[in-house]
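Each remark here refers to the structure printed beneath this line.
All heavy atoms count here, side chains included; hydrogens, waters and symmetry mates do not. As the structure is a prediction and not an experimental result, all values here were calculated from the model.
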2 protein chains.
Amino acid sequence: MTGRQTGQRTVAETARTSVSRLRSDGSSTDGTADAKRRYGNRPTMKDVAARAGVGLKTVSRVVNGEPGVTPDTERRVQEAIEALGFRRNDSARVLRKGRTASIGLVLEDLADPFYGPLSRAVEEVARAHGALLINGSSAEDPDREQELVLALCARRVDGLVIIPAADDHRYLEPEIAAGVATVFVDRPPGRIDADVVLSDSFGGARDGVAHLIAHGHRRIGFIGDQPRIHTAIERLRGYRAAMADAEIEVDESWVSLGPTDPERVRHAAEAMLTGASPVTAVFAGNNRVTVTVVRVIAARTRPVALVGFDDIELADLLSPGVTVVAQDAAQLGRTAAERLFRQLDGASDAPELIELPTRLITRGSGEVPPAG
Amino acid sequence: MTGRQTGQRTVAETARTSVSRLRSDGSSTDGTADAKRRYGNRPTMKDVAARAGVGLKTVSRVVNGEPGVTPDTERRVQEAIEALGFRRNDSARVLRKGRTASIGLVLEDLADPFYGPLSRAVEEVARAHGALLINGSSAEDPDREQELVLALCARRVDGLVIIPAADDHRYLEPEIAAGVATVFVDRPPGRIDADVVLSDSFGGARDGVAHLIAHGHRRIGFIGDQPRIHTAIERLRGYRAAMADAEIEVDESWVSLGPTDPERVRHAAEAMLTGASPVTAVFAGNNRVTVTVVRVIAARTRPVALVGFDDIELADLLSPGVTVVAQDAAQLGRTAAERLFRQLDGASDAPELIELPTRLITRGSGEVPPAG
DNA sequence: CTGAAAGCGCTAACAT
DNA sequence: ATGTTAGCGCTTTCAG
């Protein structure tokens, strides 16, 4: 899906898929079940109340730890709960209470190493607020994003953290008006006002490219994501700003935006490295691009300088190490989630744009001098 | 959280976190809202029915695409829906229908690159079955696992995919009896029967270690995860089997199980590389271990052979490339999720153990001859 | 083709 | 301290 592991040499299957039947001696179903407890028919508070010989509300009190129950009755209720295997039905609870104590996270692809830590950070904040996280991938498809978001709204999630794929979020207006807290991360929303948490793509890219220029490069390539993605545009803008600052005219054959699959990126890199005016350095617009460009460069004899946006694991162990403009995915997620819960706690500030700094981490590839 | 990027050289902040107020000209709240549509009070089918001048059930029919509605009334209902910004409340629906069309996934840490693709694969299958995914991390804590699982059961998820941290899952018996479909992945459940999907940890490790032996190594170290984790034990067992096959006696100073944080692993690796009977090769029990061992080896002058369990990105670009026993995380997730939905579709097969093969991928580090 | 009534399992608001 | 009643918003059932 992310096209990793292209450069494999030898592959050997060590086993076939095997399937075995497990012991099933019936030990997993104990005989203590009440008549009511047949498949798919779970005991309710009413059942517990009947069994414990108390009223419905008393059971509710015990289950929710509300005060006003004698230790003795509490014990009887607890026993009935255990015996019946009762578990409160939160769907019913939600219906009554209005809040679901769950938030939705919509991102592009959980398999992308950039989003794992982000998602995890959102989850931790949610957990700290007693909420569950419902997760969905848009696969960078605007329609799928909308479908997902609206499905989450139908579940009445209390809030949404969205890494948008679409560029028009007016479809969210009724939801936000109805009280669904919403924060966008990594990219701004389209055509609505809402909280946004971003990395400083422009500044990061500008500094990364300036770094290459400082090391003597003038013919510098830029390979980024599709132009409808905000970060791609911002990073390209940063590239152009750095070039302009150094009074270097950009040859448009040095710039390539498009999908970040290895084939496309490889092709783009090869093209700008071999054209009429070949580049001596490349700025890679995100971690997917960087990984592929590293492979392309490794396969060439003449050295090419590289700075990538996003840190990548093991970047320091390649030779040369990969110089990157790092953003803190976890911090991005944490900040967004905290902002979300602040909304849920009733803060009604105006929408804000929070921009997180990036860090230039030099490891060697960005300090390679121009060749040729 | 995963302790990546230890070997950084220079770090420069490119900006401060900045916060800006967005334009908020009130353009996001259109004036067409009905009186009912105040904050947190969403229109219901009843409201739609009233506005469209039809019965409640007719609205329900339209919303759910049920037959038996005149095109004309359907249109009137649709208009009312649009005007009111109505969105069906799935909590209420669930309460009535019994099924939530959502499944839970409990894993250790979404930030671990192994689980991203797995989670994504589960999500894709869920999506194909019209279900949403609720995600939770156990952080390798048995109590937290149970808490999470039971919270998911309270939400009445239709099914659970669990990468267990606990070793006793009897707490799930009432849930499973009540009809919650359950599949374990990556590690087997404890003390209950349930479907399991595993990689062939034993066979994979045995083959990986045998590969080192075939390249002349006899003093081979094993660094794995904590002994309460099933895969750690199985891989160690594979290691011992390979050593026994070659009639090599294992010096217990060559074996180290424990947490996989960089510090612990680094210490373990250093110890076995410098002891009285130093190893010439290391088998790393999972991707976290491999990453750290690569760093340790890179910092040494004398070459050390390495085979790691789990593939890692860019493994092919290090020098030497990292030889690994690869497992297919996405396939693991896909298989488990498909099995889950088979259960939900009514298949009542006995619990099965499905074991997926691993692949040995040789890239250089496993073919380094013994030094000294 | 359409709608009124009942009730899913829970909690809020009142009794007792 | 405990129980009773009335919904939450929807689908199911059954009657027009």
Side-chain angles (χ1 to χ4, degrees), chain A residues 36-37 40-78 80-81 84-101 151 153-158 178-179, chain B residues 36-37 40-78 80-81 84-101 151 153-158 178-179:
Chain A
K36 261 231 102 163
R37 197 170 115 207
N41 197 349
R42 312 191 53 141
T44 71
M45 281 193 182
K46 203 173 151 193
D47 300 325
V48 175
R51 169 139 186 162
V54 301
L56 176 55
K57 180 65 208 185
T58 302
V59 177
S60 173
R61 287 203 180 88
V62 171
V63 168
N64 297 302
E66 287 168 24
V69 183
T70 325
D72 181 58
T73 38
E74 163 150 14
R75 194 187 37 70
R76 292 218 321 284
V77 170
Q78 284 292 7
I81 287 175
L84 262 36
F86 167 81
R87 175 114 29 234
R88 183 182 65 198
N89 185 333
D90 277 355
S91 295
R93 173 170 227 244
V94 154
L95 184 56
R96 203 58 250 251
K97 301 207 75 150
R99 278 206 174 178
T100 56
C153 289
R155 305 271 162 135
R156 294 295 186 268
V157 292
D158 298 332
Chain B
K36 260 230 104 164
R37 198 171 115 203
N41 197 350
R42 310 190 53 140
T44 71
M45 280 192 182
K46 202 174 150 194
D47 300 324
V48 175
R51 168 140 188 161
V54 300
L56 176 56
K57 178 64 208 182
T58 301
V59 177
S60 173
R61 286 202 180 89
V62 171
V63 169
N64 297 302
E66 287 168 25
V69 182
T70 324
D72 182 57
T73 38
E74 164 150 12
R75 192 184 40 69
R76 290 218 321 284
V77 171
Q78 286 292 11
I81 288 176
L84 261 34
F86 167 80
R87 175 114 30 233
R88 182 181 65 196
N89 184 332
D90 277 356
S91 295
R93 175 169 225 244
V94 153
L95 183 57
R96 203 61 248 249
K97 301 206 77 153
R99 279 207 174 178
T100 57
C153 289
R155 304 272 163 134
R156 295 294 186 269
V157 292
D158 298 333

#### Entry: Under-3.5 Å donor-acceptor pair between B:Arg61 side chain and C:dG3 base
yes
### Query
Among D:dA6, D:dG9, D:dT11, which nucleotide sits nearest the side chain of A:Arg96?
D:dA6
### Length of the line joining A:Lys46:NZ and D:dG3:C1', which is rounded to integer Å
15 Å
### Message
Which nucleotide wins on minimum distance to the side chain of B:Arg88, given the candidates C:dC10, D:dC10, C:dT2?
### Response
D:dC10
### Task
Let me know the distance between CZ of B:Phe86 and P of D:dG9, rounded to the nearest Å.
10 Å
#### Entry: A:Arg156 CZ - C:dC10 P separation (whole Å)
21 Å
### Task
Measure from CG on A:Asn64 to C1' on C:dA13 and round the result to the nearest Å.
16 Å
### Query
A:Arg93 side chain N/O closer than 4.0 Å to the phosphate oxygens (OP1, OP2) of C:dT11?
yes
### Query
Counting only side-chain N and O atoms of B:Thr58, is one of them less than 4.0 Å from OP1 or OP2 of C:dG3?
yes
### Toward the 5' end of DNA chain D, by each residue's nearest nucleotide, B:Asp90 or A:Thr70
A:Thr70
### Touch class at under 4.0 angstrom, heavy-atom based, for A:Lys97 against every strand present
sugar-phosphate
### Query
How far apart are the closest heavy atoms of B:Ala80 and B:Ala52, and which atoms are they?
CB-CB, 3.9 Å
### Task
Between A:Met45 and B:Lys57, just flag the one whose closest nucleotide in DNA chain C comes earlier from the 5' side.
B:Lys57
### Summary
Checking C:dC10, D:dA1, D:dG9 against the side chain of A:Leu95 (C-beta onward), the nearest is D:dG9
### Query
Given D:dC8, is OP1 or OP2 found less than 4.0 Å from the side-chain N or O atoms of B:Thr44?
no
### Query
Taking CD from A:Glu66 and P from D:dT2, how many angstroms apart are they, rounded to a whole number?
13 Å
### Message
It should be established whether B:Thr73 places a side-chain nitrogen or oxygen under 4.0 Å from OP1 or OP2 of nucleotide C:dC1.
### Response
no
### Query
Roughly, in whole Å, what's the span from CG in B:Asp72 to C1' in C:dT2?
14 Å
### Query
Under 4.0 angstrom, heavy atoms only, what part of the nucleic acid is B:Ser91 near: base, sugar-phosphate, or nothing?
nothing
### Query
Counting any heavy atom closer than 4.0 Å, what does B:Val94 reach on the DNA or RNA strands: base, sugar-phosphate only, or nothing?
nothing
### Query
Do B:Ser60 and B:Asn64 have side chains that get closer than 4.5 Å, going by heavy atoms?
yes
### Short side-chain N/O contact to D:dT11 OP1/OP2 from B:Ser60, under 4.0 Å
yes
### Gap between atom CE of A:Met45 and atom CZ of A:Arg88 - 0.5 Å precision
6.5 Å
### Message
Just the rounded figure in Å: distance from C1' of D:dT5 to CG of A:Leu56.
### Response
11 Å
### Taking every non-hydrogen atom, the tightest pair across A:Arg155 and B:Asp90
NE-OD2, 3.8 Å
### Task
Could you tell me whether a side-chain N or O of A:Asn89 sits under 3.5 Å from a main-chain N or O of A:Ser91, the two making a donor and an acceptor?
yes
### Query
Just how far is it from atom CZ of A:Arg42 to atom CG of A:Leu84, taken to the nearest 0.5 Å?
11.0 Å
